[in-house]
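Scroll down for the structure; my scribbles are underneath it.
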Number of protein chains: 2
Amino acid sequence: MMLVVSLESKEPVIDQIVGGIRRAIAGGELRPGDELPPVRQLAADLGVNLNTVARAYRALEGAGLVSTARGRGRGSRVTSDCELVHESDDETRERIEGGFGDVAADAKLAGVSFEVARAAALRQLQRFYGAASGKGGNA
Amino acid sequence: MMLVVSLESKEPVIDQIVGGIRRAIAGGELRPGDELPPVRQLAADLGVNLNTVARAYRALEGAGLVSTARGRGRGSRVTSDCELVHESDDETRERIEGGFGDVAADAKLAGVSFEVARAAALRQLQRFYGAASGKGGNA
DNA sequence: ACACAAAGTATCATACATTGATACAAAAAC
DNA sequence: GTTTTTGTATCAATGTATGATACTTTGTGT
């Protein structure tokens with residue numbers, strides 16, 4: 001769980017934690033069934049309040065990526081059936097394409113060349129699709 | 001200026017306006033020297049407060065993309081020398097690649113296939129790099 | 001000159017979101 | 001059955017986003 005957060009970032013700490021864990025799951029670094037650190041431990045590691053971590057875990061639980069339970073020996077872990085990739089709908093695909101568009105526009109205005117931007121995009125796609133889990137491609 | 005905002009979105013209206021205008025500039029829909037609508041008009045069109053638009057304009061001015069001046073017949077316009085694309089530094093390229101990574105991870109978890117995601121990314125890159133301005137590629 | 005109109009700007013208030021301090025509840029370990 | 005380890009709930013403090021309203025600047029018309 002190599003995860004760092006910046007208190008100065010414009011992005012809320014909660015979202016940074018959620019994003020970091022999502023990326024770890026998507027990239028195969030965290031696999032279904034893996035335990036997440038207890039909220040107090042991760043909060044201490046990151047230097048934030050335990051509630052902030054707890055809220056991130058609950059957001060992930062709401063997304064179906066994490067399961068949590070109270071009590072000693074219980075805790076939070078990556079949901080085991082999160083492999084069951086669902087079909088993506090049109091709305092989702094439009095949202096993803098919009099996300100790529102945002103980054104592409106940003107890259108253009110920041111003076112990043114087409115070649116560099118395309119290489120970065122393909123490298124990241126490879127990183128998340130190439131490595132982990134089954135070859136469960138779907139539309 | 002086909003621009004819409006959603007008051008329900010988690011993204012602040014200011015950022016939606018800034019992003020929309022940035023994309024319009026990056027995509028060539030708005031060109032250097034082009035006038036932006038007066039803050040009151042755009043505010044009325046979008047159904048938001050005029051201050052929200054004014055703040056978006058000032059954020060864009062701070063980024064060097066827009067120039068503003070008070071008084072009848074003046075107003076806001078796309079900065080004329082925003083063509084002068086600057087070299088991108090390492091930090092910028094890392095930020096862009098991180099942005100692509102975020103979207104790629106999201107796509108994977110949302111069940112979008114590699115092929116669909118790659119096509120979307122390349123389509124958007126083409127949209128912003130293929131169309132507008134000079135062929136001023138740089139690193 | 002003078003008044004008016006059209007543009008951005010400043011000030012203040014309010015609602016909401018983010019984060020944290022602290023206390024609570026549940027379940028396993030001993 | 002007590003203790004310990006887990007997540008949860010409640011409340012306060014701070015900051016950010018948005019809006020209402022008034023102000024300033026500059027061109028236009030007479």
Side-chain angles (χ1 to χ4, degrees), chain A residues 1 3-22 30 33-80, chain B residues 1 3-22 30 33-80:
Chain A
M1 277 301 302
L3 181 57
V4 287
V5 298
S6 159
L7 298 177
E8 287 76 31
S9 165
K10 172 166 182 172
E11 186 179 23
V13 177
I14 280 194
D15 295 347
Q16 294 182 52
I17 298 172
V18 169
I21 295 178
R22 276 177 60 92
L30 278 177
D34 283 356
E35 292 186 358
L36 296 178
V39 293
R40 283 170 183 76
Q41 179 187 320
L42 183 53
D45 288 353
L46 299 177
V48 301
N49 190 272
L50 83 170
N51 276 308
T52 305
V53 176
R55 285 164 190 143
Y57 281 11
R58 259 192 293 179
L60 289 161
E61 186 173 35
L65 292 173
V66 163
S67 313
T68 64
R70 294 201 251 202
R72 179 167 171 170
R74 316 287 296 279
S76 304
R77 64 190 61 234
V78 179
T79 301
S80 44
Chain B
M1 277 300 304
L3 181 58
V4 286
V5 298
S6 158
L7 298 177
E8 288 77 32
S9 166
K10 173 167 182 171
E11 187 180 22
V13 177
I14 282 192
D15 295 348
Q16 295 182 51
I17 298 173
V18 169
I21 295 179
R22 275 177 61 90
L30 277 178
D34 281 357
E35 291 186 358
L36 295 177
V39 293
R40 282 169 183 79
Q41 179 187 321
L42 183 54
D45 287 353
L46 299 177
V48 301
N49 189 272
L50 84 170
N51 276 308
T52 305
V53 176
R55 285 163 190 143
Y57 280 11
R58 259 192 292 181
L60 289 162
E61 186 174 34
L65 291 173
V66 164
S67 313
T68 63
R70 297 201 245 201
R72 179 166 175 172
R74 314 289 294 277
S76 304
R77 63 191 61 235
V78 179
T79 301
S80 42

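In what follows, every chain begins at residue 1, and chains take the letters A, B, ... in the order their sequences are listed.
For a distance-only test at 3.5 Å, the side chain of A/Arg55 qualifies as a donor-acceptor partner of the base of C/dG20. For D/dG7, its base sits under 3.5 Å from the side chain of A/Arg40 at one donor and acceptor pair at least. Put simply, the side chain of B/Arg70 and the base of D/dT26 share no donor and acceptor less than 3.5 Å apart.
Counting to the nearest Å, the P atom of D/dT14 and the CG atom of A/Asn49 are 15 Å from each other. Between the CG atom of B/Asn51 and the C1' atom of C/dA10 there is a distance of 9 Å, given to the nearest Å. For the pair A/Glu61 CD and D/dG7 P, the computed distance is 11 Å after rounding to whole Å. For the pair B/Ile14 CD1 and C/dC16 P, the computed distance is 17 Å after rounding to whole Å. If you measure from atom NZ of A/Lys10 to atom C1' of D/dA17, you get 10 Å, rounded to the nearest angstrom. Per the geometry, CD belonging to A/Glu11 stands 17 Å off P belonging to C/dA17, to the nearest Å. In this entry the distance linking CD of A/Glu35 with P of C/dA28 reads 14 Å, nearest Å. Spacing between atom CD1 of A/Ile17 and atom C1' of C/dT19 amounts to 11 Å, rounded to whole angstrom units.
With C/dA7, C/dA5, D/dA20 as the candidates, the nucleotide lying closest to the side chain of B/Pro38 is C/dA7. Among the nucleotides D/dG7, C/dG8, C/dA21, the one closest to any side-chain atom of B/Tyr57 is C/dG8.
For A/Leu50 and B/Arg58, each mapped to the nucleotide of DNA chain C holding its nearest heavy atom, the one lying further toward the 5' end belongs to B/Arg58. Ranked by how close their nearest DNA chain C nucleotide is to the 5' end, A/Val13 and A/Arg74 are led by A/Val13.
Neither OP1 nor OP2 of C/dA7 sits under 4.0 Å from any side-chain N or O of B/Thr68. Contact annotation: B/Ser76 side-chain N/O to C/dG8 OP1/OP2 distance is under 4.0 Å.
Within the nucleic acid shown, B/Gly71 comes within 4.0 Å of at least one base atom, counting heavy atoms only. Residue-level contact check: B/Gly73 touches neither bases nor backbone, having no heavy atom under 4.0 Å from any strand.
Between B/Leu60 and the options B/Thr68, B/Ile21, B/Thr79, B/Ile17, a side-chain contact (heavy atoms from CB on, under 4.5 Å) holds for only B/Ile21.
In terms of heavy-atom proximity, B/Ser76 sits nearest to B/Val66 at CB-CG1, 4.2 Å.
Between the OG1 atom in A/Thr52 and the CG atom in A/Leu7 there is a gap of 9.0 Å [rounded to 0.5 Å]. To the nearest 0.5 Å, atom CZ of residue A/Arg40 and atom CG of residue A/Asn51 are 9.0 Å apart.
Here the side chains of A/Gln16 and A/Val48 are not in contact, with every heavy-atom distance at 4.5 Å or above.
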